Protein chains: 2
Amino acid sequence: MPRTIGERSDAIPALAEVFRTHGFDGASLSLIGAATGLGKGSLYNFFPGGKEEMAQAVLDEIDGWFRREVFTPLREAKEPRQGIREMFQVVDRYFHSGRRVCLIGAFALGDSRDRFAACVAAYFAEWVDALAEALRRAGSGRAEARAQAEDTVAAIQGALVLARAADDRAVFGRIMRRQELLLLRK
Amino acid sequence: MPRTIGERSDAIPALAEVFRTHGFDGASLSLIGAATGLGKGSLYNFFPGGKEEMAQAVLDEIDGWFRREVFTPLREAKEPRQGIREMFQVVDRYFHSGRRVCLIGAFALGDSRDRFAACVAAYFAEWVDALAEALRRAGSGRAEARAQAEDTVAAIQGALVLARAADDRAVFGRIMRRQELLLLRK
DNA sequence: TACAAGATGTACCTATCGGTACAAATCGTC
DNA sequence: GACGATTTGTACCGATAGGTACATCTTGTA
């Protein structure tokens, strides 16, 4: 009884790129087929639920990645200020310094929000929570930490919007750097 | 030779709502027809260029509105600090306190960015410029004013993403209020 | 080498897409 | 009321959408 999970998960990065680039509605099965190199037969074998299951798999993968690489390190960093510094590094790398869009942010603004509302809401809530926790451990009061965390996550999402709008990744780096300074000053 | 422009412009608010809600690709002609109360005949009579011309008309309308209600007042306010305060009020009202999404931000993240790249880029560039000008007049140095303006426009866009993701408009108000305080402190 | 299970390509389905053609209704002007 | 121009509804177009059915190929195991 061979486990075939490996194959399915191999398709997810390509799926993520297609959804990121074209959105949920814009990602047609022919685009998906071209990007993954998989025909409809394979696609529907791996994802019997169709496009919706494909997108859900991508969201789950992103959620897992951020939990592993961002949220948990933030919460468990020995030195919270250093943990925050590393969050900015990891996030900058993840978004290719602003060249890459946040799929979950795009879904939040777009047509597909309702379909994946729970995922989308949970992702941002967790990010804010984890960052607030680190800030609190770094010395901020509970309320101040939450406020700073909310502002920072919003700044990052807004920076992605601006970077993509201007087709200029420099703006992303500038906003990220200033936000990091703001959080870690004092 | 009767001027029929009046009719065409009457359809634009409804068009804007459809594109805002469903995105460019998601806004099908049947949705557009239902929202505007216009059949295909009328739609293609007013907008011979089809969906693309409809979306362009909406973008132009938004651009004009912001120029008139936000950018110009920012640049020409007698008292720049008061002008900035009013910008936050007007923007809060425009986005229905976070219940309404920024169409141009959604286009920037979505599939339709390339199609309307010039509009999208110009909108944000103008916003940052106008706000930076006001901040400079309020006493900031040139570089600092630009940085603050960039951060603020990004914060607003990010706040819209978070508000829509969490389906919670309170977060929009919180971020806006803190950003206003940050700009006008000292 | 035989066999079952999984993987894949292809043909096909219905619904809808954006867009066009055009005749009929409507409207402003004289 | 007549006329020309605009406005509108309807039928229709080819293309493509997402999805299903199924026969055929691979593949791992014994």
Side-chain angles (χ1 to χ4, degrees), chain A residues 1-59 103 106-107 110-116, chain B residues 1-60 103 106-107 110-116 119:
Chain A
M1 200 182 288
R3 315 291 291 111
T4 52
I5 292 178
E7 296 291 354
R8 184 186 132 125
S9 67
D10 285 350
I12 289 186
L15 284 174
E17 270 317 297
V18 181
F19 284 122
R20 224 188 289 276
T21 309
H22 299 93
F24 182 78
D25 281 339
S28 68
L29 281 187
S30 66
L31 280 173
I32 290 172
T36 57
L38 262 33
K40 286 188 179 188
S42 309
L43 250 14
Y44 276 82
N45 178 42
F46 292 140
F47 306 95
K51 260 178 77 171
E52 186 148 347
E53 186 173 343
M54 299 177 208
Q56 189 61 62
V58 169
L59 291 181
L103 178 62
F107 273 21
D111 38 32
S112 32
R113 196 211 73 111
D114 293 345
R115 213 187 295 255
F116 305 107
Chain B
M1 201 180 291
R3 314 290 292 112
T4 52
I5 292 177
E7 296 291 354
R8 184 186 132 126
S9 68
D10 285 350
I12 290 186
L15 283 174
E17 270 316 298
V18 181
F19 284 122
R20 223 188 290 274
T21 309
H22 299 95
F24 183 78
D25 281 340
S28 67
L29 282 185
S30 67
L31 280 173
I32 290 172
T36 57
L38 262 33
K40 287 188 179 189
S42 310
L43 251 12
Y44 276 83
N45 179 43
F46 291 140
F47 306 95
K51 260 178 77 171
E52 185 147 348
E53 187 174 342
M54 299 178 207
Q56 188 63 61
V58 169
L59 291 181
D60 290 345
L103 178 61
F107 273 21
D111 37 32
S112 33
R113 197 210 72 112
D114 294 344
R115 213 187 295 255
F116 306 106
C119 264

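All values below were derived from every heavy atom in this structure, side-chain atoms included, with hydrogens, water molecules and symmetry-related copies excluded. Nothing here was measured: the structure is a model prediction, and the numbers come from that model.
- Taking atom CZ on A/R115 and atom P on D/dG18, their separation rounds to 11 Å, with Å as the unit.
- Of the candidates C/dG18, D/dT8, D/dG18, D/dT8 carries the atom nearest the B/F46 side chain, counting heavy atoms from C-beta on.
- Rounded to a whole Å, the CZ atom of B/F19 is 9 Å from the P atom of C/dG18.
- Of the residues in residues 28-39 of chain B, B/S28, B/L29, B/S30 come within less than 4.0 Å of DNA chain C through at least one heavy atom, sorted by number.
- With rounding to the nearest 0.5 angstrom, the CG atom of A/L31 is 13.0 Å from the CD atom of A/E17.
- Rounded to whole Å, the distance from CD on A/E53 to P on D/dT20 is 12 Å.
- Nucleotide C/dT20 holds its P atom 13 Å from the CG atom of B/L43, rounded to whole Å.
- Atom NZ in A/K40 sits about 10 Å away from atom P in D/dT20, given to the nearest Å.
- Without hydrogens or angle criteria, A/K51 side chain to A/A27 main chain gives a donor-acceptor distance under 3.5 Å.
- Using a 4.0 Å cut-off, no side-chain N or O of A/N45 falls inside it from OP1 or OP2 of C/dG6.
- Between the P atom of C/dC13 and the OH atom of A/Y44 lies a distance of 18 Å, rounded to the nearest Å.
- Checked options B/I12, B/L29, B/L59; the residue passing with B/M54 is B/L29 (criterion: side-chain contact (heavy atoms from CB on, under 4.5 Å)).
- Comparing atom distances between the A/S42 side chain and each of C/dT8, D/dG19, C/dG19 picks out C/dT8 as nearest.
- Scanning both residues, B/F116 and B/E52, for their nearest heavy atoms gives CE2-O, 4.0 Å.
- Ring pair A/F24/A/F19 is parallel by interplanar angle, where below 30° counts as parallel and above 60° as perpendicular.
- Distance, A/D10 CG to C/dG6 P: 18 Å, rounded to whole Å.
- Interatomic distance, CD1 of B/I32 versus CG of B/L43, reported as 6.5 Å (0.5 Å rounding).
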